[in-house]
Amino acid sequence: MEQNPTYKLDLTSSPHVHSRWSAKNAMWLVVASLIPVIISAVIFFGIYQLVIIGTSVLFCMLTELAIKKIRKRKVTIDDGSAIITGLLLGLILPPNFSISATAIGAVFSIAIGKEVFGGLGYNIFNPALAGRAFLQAAFPVGMTTWHKPNFAVDTVSSATPLSAFKFDKVISDTASMFWGNIGGSIGETSALAILIGGLLLIIIGVVNWRIPSAMIVGMLVFASIFWFIDPVKYPNPLFQLLSGGFLFGTFFMATDWVTSPITKLGMLIYGFAISFLVVMIRIFGGLPEGVMYAILIMNALAPTINKLTQPKAFGVKV
Amino acid sequence: MKILHHSKTFAGGIHPSEQKELTEDKAFELMPAPKQIILPLNQHLGKFPKPLVKKGSEVKIGELIAEQDGFISSPIHSPVCGKVSKITVGANVSGFPKDEIIIDVSDSDESILMEPLDAVTITQEQIRERVKNAGVVGQGGAAFPTYVKLTPPEGKKIDVVILNGCECEPYLTRDYRFMIERTNDIIAGLKLIMKALGVEKGAIGIEDNKPLAIEKLKLAVKNNPDIQIVALKTKYPQGAEKMLIKAVTGKEVPPGKLPFDAGAAIQNIGTALAIYDAIVKGETQTTAALTVSGLGIKEQKNIIAKVGTPLMDVLEYCGGLTDEAVKVVVGGPMMGIAQYDFSAPIMKATSGILILTKNEINDHEETPCLRCGKCVDACPLNLIPTRLSRLTQMEKYDEAEKLNITLCMECGTCTYTCPANIPLVQWIRLGKKQVNVIQKARV
Ligand code: SF4
Ligand code: SF4
């Protein structure tokens, strides 16, 4: 070794090693964790739901591709984020929803929900929820038409547990809610499938445990308060937890990296606040369900929460 | 009562792939002296020592060739027998060329030793004098002259001397080998440090991925109730002074303060041994123990080499680079310095040379911040790395200062964990420099 070898040496500064985390592999892990939910959708609502989900994914990807091309930006479709938005949007639509409306919602999710803000990392609202909120406004009837699950045991049929309770004070049975044999959005009914995927995300480390934990604890606390006040007028906490889009929102929506707080305390406050809003909307709002609005409202507040929850630096006395 | 086996630690941190298995079973090999030794004068932090030799001077092993100049300074002794070929400026592992003495090595191994001292009857003053004259500098990375750290600060009470046996940087196994091969000498060194500082209690903090070292040290202090072996959770940067003190004593060193302020004095395992060697054996600090590892070198080893051995000789001694090698780092993978010139020599405080391959580095393309919060979660000092890096990019230094940017210890944890691969610590380092400039201008 007389002189320096002819290797092309990398001279970047420390650290010289990096974790395996990247936007790309995190996104693919989310896709993988949604598989149980997709399977539950097929089991309870039929294979046709895959067409809706597929349409949503396809149009999300096409929209992103088109916008990046038009704006002459680097095409980042391989980061998987458009696929996730597509999957998430598809899974929170009612079963047998119109294909063309699905496509419109997908375009809105990406174009207005994400790209208007500058793309992944800059968006304020969860794109999939933004798309659903748009569809709710544009297609109010289609968005509230529910189909019976395949193994429906009773004739109460085409209502979701939440609307059944809100309008008829009927409590669905817990076992059906756990397995997913109830009315609801394509991917939101099976608590079991959601828990499998959600816990997987926490264990692998894609999702920080703080937001889901705060949401679940928050839901149990706030729902219990009302239930203690009047157990006839208000549903029990377990019902609140398992019904509607709560669990799906807990693990797959509120935990979206970009639109949730980054501080540890902020994550707890955010989760707690979402649950508080969900209970308030469900009980006092005109709608049976409130998860979507609760998360969107807290998305908007996330930057403020970050500012207000700056951690105390190590060794600094308060 | 038997308490539950529970390892102490601090909040935050990361678990990088350890890669210790590459070298942990490799006992130290004594590397022969190279043909030429290069001794930069910046062996330690502080003022350069004054060279006492000229071109043509004949030197022996252990001979004083540069004397201490000022309070924070340390002498340099010749690691070899030979003839000074020149005094010049040359490549340095710090990345910046420095003044250096070059010695052509001869065959002789005649050495000059200092008179060994008795570890039992020695006085505080004698310990400091000897450590100073032997040119011992800290082995933990910063290379601070050790005798300064053995002078008890006025008006501060130190409760405990903690030896840092964490070796939390991946790949490095030098301290681990020391703990296994020289267990009793380390305890003896620790006692000398305790004596110099007038402290009753000693502790050695070791990460729990080194059970053999923990076991051996526990056995060695069996009859020594004043010295505690503390198992710590394996986590980077467990070996950072502040983290170590927090884990062992539960106390937090306030910003801008020293370990002394939390009642602790910290020394590295290698430093304790250098102190022991200087006092009990009368040796000056002229060798460096280091781990040579990474998948980019043919033979991974732990070696004891002469201070001043050029990197290329070490690399050659370890079989040379493989075709996959893309980066050569002096130090650990988290905080070490990338090298471009293999004629730079190893220093007294060099703890490792890593030759990394692309796959080990695992760099990928940078994307915008995904706001995942991983950097916030991992920062051991509770900073908000994404914000600090952004503020630096926007040149909003006053806000960065308010958010404690100067506290950052550049451990690299944030950059390591970031899925967007943003060079956070690189930005923060720049921001710190700017804030320092602003702060200086203010006074
Ligand atoms: S480099 Fe600085 S900001 Fe980053 S984790 Fe370490 S201390 Fe925190
Ligand atoms: S780890 Fe990287 S992507 Fe995540 S918040 Fe920090 S800077 Fe942003």
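Note that the structure is predicted; figures quoted are calculated from it, not measured.
Each of B:T415, B:D313, B:D377, B:N404 has some count of heavy-atom pairs under 4.5 Å with chain A, and the biggest count is that of B:D377. Residue with the most contacts toward chain A among B:G95, B:A420, B:P255: B:P255 (heavy-atom pairs, distance under 4.5 Å). Per-residue heavy-atom pair counts under 4.5 Å with chain A were compared for B:E410, B:M243, B:K251, and the maximum is reached by B:M243. Note: B:K242 leads B:E360, B:K242, B:K358 in heavy-atom pairs under 4.5 Å with chain A. Contact count against chain B (heavy-atom pairs under 4.5 Å) is highest for A:S13 among A:S13, A:A26, A:G121. Taking B:E365, B:H15, B:K257 one by one and counting their heavy-atom pairs under 4.5 Å with chain A, the maximum is reached by B:E365. Between chain A and the options B:P333, B:A338, B:P254, B:G373, the largest number of non-hydrogen pairs under 4.5 Å is found for B:P333.
Note: A:R20 CZ to B:N362 CG = 4.0 Å, rounded to the nearest 0.5 Å. One distance of note links CG of A:N208 with NZ of B:K374; it measures 7.5 Å at 0.5 Å rounding.
Residue contact with chain A, scored on non-hydrogen atoms closer than 4.5 Å, involves the backbone and the side chain of B:C372 alike. Heavy-atom distances place both the backbone and the side chain of A:A23 under 4.5 Å from chain B. For B:N359, the parts lying near chain A are the backbone and the side chain together; criterion is any non-hydrogen pair under 4.5 Å. Looking at B:C379, neither its backbone nor its side chain comes within 4.5 Å of chain A, counting heavy atoms on both sides. Contact annotation for A:T12: both backbone and side-chain heavy atoms come within less than 4.5 Å of a heavy atom of chain B. Of the atoms belonging to B:I361, heavy atoms from both backbone and side chain fall under 4.5 Å from chain A. Interface residue A:R210: only side-chain heavy atoms are found under 4.5 Å from chain B. For a residue to count as touching a neighbouring chain, one of its non-hydrogen atoms must lie under 4.5 Å from one of that chain's; by this rule A:K74 touches chain B with the side chain only. Contacts of A:D256 with chain B are absent, with no heavy-atom separation under 4.5 Å from either backbone or side chain. Of the atoms belonging to B:P16, not a single heavy atom falls under 4.5 Å from chain A. Interface remark: B:D363 contributes backbone and side-chain atoms alike to the contact with chain A (heavy atom separation under 4.5 Å). Contact annotation for B:P423: neither backbone nor side-chain heavy atoms come within less than 4.5 Å of a heavy atom of chain A. Only the side chain of B:V425 comes within contact range of chain A, with heavy atoms under 4.5 Å apart. For a residue to count as touching a neighbouring chain, one of its non-hydrogen atoms must lie under 4.5 Å from one of that chain's; by this rule B:L403 touches chain A with the side chain only. In this structure, the portion of B:Q339 lying under 4.5 Å from any heavy atom of chain A is its backbone and not its side chain. Contact of B:T413 with chain A is not made at all, since no heavy-atom distance falls under 4.5 Å.
Within a 6.0 Å radius of CZ in B:F260, more than 12 heavy atoms belonging to other residues, nucleotides or ligands are found. Around NZ of B:K433, the count of heavy atoms belonging to other residues, nucleotides or ligands within 6.0 Å does not exceed 12. At most 12 non-hydrogen atoms from other residues, nucleotides or ligands lie less than 6.0 angstrom from NZ of A:K24.
Proximity of a side-chain donor or acceptor of A:S19 to a complementary backbone N or O of B:Y416 within less than 3.5 Å is detected. Looking only at distances, a side-chain donor or acceptor of B:H364 sits under 3.5 Å from a matching main-chain atom of A:W21. The backbone N or O of A:G315 sits nowhere less than 3.5 Å from a side-chain atom of B:K246 that would complete a donor-acceptor pair.
The two residues B:R371 and A:I262 have their closest heavy-atom pair at O-CG2, 3.3 Å. Here the shortest heavy-atom pairing between B:N382 and A:K264 reads OD1-NZ, 4.4 Å. Of all the heavy atoms in A:D10 and B:K327, the pair that sits closest is O-CG, 3.2 Å.
Residues A:H18 and B:N421 are in side-chain contact: their nearest non-hydrogen atoms beyond the backbone lie under 4.5 Å apart. Proximity of A:S14 to B:R429: side-chain heavy atoms (C-beta onward) are separated by under 4.5 Å at one or more points.
A donor-acceptor contact closer than 3.5 angstrom is absent between the side chains of A:T263 and B:R387.
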Full working for side chain to side chain contact (heavy atoms under 4.5 Å, CB included) between A:V17 and B:Q19: CA-CA 12 Å; A:V17 289; B:Q19 305 286 7; over 6 Å; no
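For the pairing with A:P311, the side-chain contact (heavy atoms from CB on, under 4.5 Å) check across B:L383, B:L381, B:I384 returns one residue only, B:I384.
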